[in-house]
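What follows is a structure written as structure tokens; I'll ask about it next.
Counting starts at 1 for both ligands and their atoms, in listed order.
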Amino acid sequence: MKTIWQTLRPYIRNIFILLKTIFGFIYNFNRFIMYSGWRIDMKDSEQRNYYAVLVYHALEKSMSYKKRKKDSGWKNAYILLDLLKKADTYKNIGYHDRAAKQVLETFINLPENREKETSKQIKNALEKIKFNSTDTHGVIEYCLEDYQKGVLQDPERFFFSRYSLREFKNETVPHDIIMRAIKLTMKTPSVCNRQPWHLYHTSDQDIKNSVLKYQSGNKPFGEYIPNIIIVTIDLKAFFSAEEHYEYWIDGGMLSMSLIYALHSLGVASCPLNWSTSPSKDKLLRKTVNIHKNHSIMMIIAIGYPDAVNKVCVSARRPIDEIFSQLEER
Ligand SMILES: Cc1cc2nc3c(=O)[nH]c(=O)nc-3n(C[C@H](O)[C@H](O)[C@H](O)COP(=O)(O)O)c2cc1C
């Protein structure tokens, strides 16, 4: 016969899990309310810059269509002008403020816009704003040959040779290799090209160990990991209620790119989950310099492989289990 404890145990366990889930949701909800950009504070350079790219990217898209509507884009053009005036007033210019100015200049100089009175007014206003971007923004012509530069002779060789590695060679991955991997990673697509990422890197063993103390999946290898990167997302980049999950998606996209970028440079890695409790998230934030508006997506363990390694096979499911033809009901 079962004791009362044995009978109640599964129910208590379920209630405990549900309560922890609710606390997790409340924690993330509070963080979204406190730190995301839903108030769209134009004085805050970071928020304004994320908003700038959202708007100027809409203009970039409008200018990229082969058959564009000749009178489209004006609403965004005026939003950008207003935003640029604010950037000029507050004198806290960011990368996307500069990019926005260039995109707006390109827009008013389109053959269909150039002679319009509104374009002339915007041009006059822009002349008073003195900052500029030295990069190229707007649209470029991109040929088939350009796309084909990405075709791998043997894609299977690249994709199937990556394995998560947990025990690395006893050697730190140099800073320039980490930076090169990050540069490659930055080509990751993000919603409206907002690039809401922030990466924290260390190869300092004490700092790494004090981070991994709060991570649940690094035993027994964590102590010997040469480098780690904490992938975070800046909540300030998200403005609307519908975007309350978007940052997890952008964070996942970036993380995978980083893993492939490292792999392309001969560096091995292992993603380490940050599926953690609010209290551990807070403890980590007390330990290291992660900004309060940056939400942690995962930690990536990084190092060189040894000459001979052991890795988990981690076999993949057959494709017919994960693939369906989309059909109308
Ligand atoms: C988001 C995420 C979190 C992970 N967390 C851990 C972890 O905490 N500890 C660990 O040893 N492996 C972790 N992994 C690695 C997976 O176990 C591994 O990617 C999976 O088994 C597939 O193997 P492969 O990467 O070698 O192809 C994680 C993977 C992902 C994508």
Side-chain angles (χ1 to χ4, degrees), residues 20-21 24-25 27-28 31 152 154-170 173 181-182 184-185 188-190 196-202 205 207-233 245-281 283-285 287-288 290 294-319 321-323:
K20 277 180 80 174
T21 311
F25 276 132
Y27 180 65
N28 286 326
R31 286 189 46 78
L152 299 177
D154 189 353
E156 284 77 8
R157 203 175 136 101
F158 177 74
F159 283 91
F160 296 159
S161 59
R162 187 206 57 80
Y163 281 88
S164 286
L165 191 63
R166 296 173 178 84
E167 290 172 311
F168 302 93
K169 194 174 172 181
N170 184 17
V173 179
I182 292 176
L184 295 171
T185 305
T188 305
S190 60
W197 314 296
H198 201 96
L199 300 173
Y200 293 86
H201 168 255
T202 189
Q205 293 301 296
I207 298 176
K208 179 214 66 184
N209 289 336
S210 52
V211 167
L212 292 186
K213 193 166 76 188
Y214 301 113
Q215 198 274 337
S216 63
N218 69 86
K219 284 194 186 64
F221 58 94
E223 210 183 318
Y224 308 104
I225 296 169
N227 306 53
I228 56 164
I229 286 182
I230 304 182
V231 178
T232 75
I233 290 285
Y245 278 133
E246 186 57 50
Y247 60 105
W248 304 111
I249 298 163
D250 284 10
M253 300 271 295
L254 183 89
S255 304
M256 191 64 241
S257 289
L258 178 58
I259 289 168
Y260 276 135
L262 290 164
H263 182 54
S264 77
L265 299 173
V267 183
S269 64
C270 181
L272 301 174
N273 79 84
W274 194 244
S275 305
T276 196
S277 62
S279 56
K280 280 202 183 143
D281 193 69
L283 277 172
L284 181 62
R285 289 169 187 284
T287 312
V288 285
I290 295 175
H294 293 168
S295 279
I296 302 167
M297 303 289 111
M298 69 181 77
I299 300 168
I300 301 195
I302 297 169
Y304 288 113
D306 263 318
V308 180
N309 306 276
K310 260 193 187 172
V311 292
C312 303
V313 173
S314 299
R316 297 314 200 253
R317 297 159 65 186
I319 288 183
E321 280 195 11
I322 62 107
F323 177 84

* May I ask which of M297, R166, M298 has a heavy atom nearer to atom 15 (C) of ligand 1 than the others do? =>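 Looking at heavy atoms only, the winner is R166.
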* **Under 4.0 Å to a heavy atom of S314 - the qualifying atoms of ligand 1, by number** => 21 (O), 22 (C), 23 (O)
* To do: Quick one: look up the protein heavy atom nearest atom 9 (N) of ligand 1 and list residue, atom name and how far away it is.
  =>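 Here the nearest protein heavy atom works out to G217 O, 2.8 Å.
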* Taking only heavy atoms of Q215, which atoms of ligand 1 are found under 4.0 Å from at least one of them? ->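 Those atoms are 8 (O).
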* Asked: What part of C270 sits under 4.0 Å from ligand 1 if we count only heavy atoms: the side chain, the backbone, both or neither?
  ->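 The answer is the side chain.
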* Does N218 offer a backbone N or O that forms a donor-acceptor pair with the side chain of Q215 under 3.5 Å? -> yes
* Looking at the rings of Y260 and F159, which for Trp means the six-membered one, are their centres under 6.0 Å apart? -> yes
* Nearest non-hydrogen partners of R285 and S295, listed with the distance -> NH2-CA, 3.8 Å
* For the atom pair CD1 (I299) and SG (C270), what is the distance rounded to the nearest 0.5 Å? -> 11.0 Å
* Asked: For atom 29 (C) of ligand 1, what is the nearest protein heavy atom, given as residue, atom name and distance?
  -> P271 CG, 3.4 Å
* Minimum heavy-atom separation for H294 to Y200, with atom names? -> ND1-OH, 2.7 Å
* Please state which protein non-hydrogen atom is closest to atom 19 (O) of ligand 1 and give its distance, to 0.1 Å? ->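 Going by distance alone, atom 19 (O) of ligand 1 is nearest to S164 OG, 3.3 Å.
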* Check if L272 has a non-hydrogen atom at a distance under 4.0 Å from any atom of ligand 1. => yes
* May I ask you to list the atoms of ligand 1 that are less than 4.0 angstrom from any heavy atom of R162? =>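 Here the atoms of ligand 1 in question are 24 (P), 25 (O), 27 (O).
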* Rounded to the nearest 0.5 Å, how far apart are OH of Y245 and CG of D250? ->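 Here the interatomic distance stands at 15.5 Å.
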* Any idea which atoms of ligand 1 are less than 4.0 Å away from a heavy-atom of F221? -> 11 (O)
* To do: Could you tell me whether the side chain of K208 and the main chain of E223 form a donor-acceptor pair under 3.5 Å?
  =>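 Yes; at least one donor-acceptor contact below 3.5 Å.
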* Contact partition for F160 relative to ligand 1, non-hydrogen atoms under 4.0 Å -> neither
* Asked: Who's the nearest protein heavy-atom neighbour of atom 5 (N) of ligand 1, and how far?
  -> N273 N, 2.9 Å
* To do: Please answer whether the main-chain N or O of S275 pairs with a side-chain N or O of N273 as donor and acceptor at a distance below 3.5 Å.
  =>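 Between the backbone of S275 and the side chain of N273 there is a qualifying donor-acceptor contact (under 3.5 Å).
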* To do: Among all protein heavy atoms, pick the one closest to atom 27 (O) of ligand 1 and tell me residue, atom and distance.
  => R316 NH2, 2.8 Å
* Short question: side chain of N309, backbone of P305 - any donor-acceptor pair under 3.5 Å? -> no
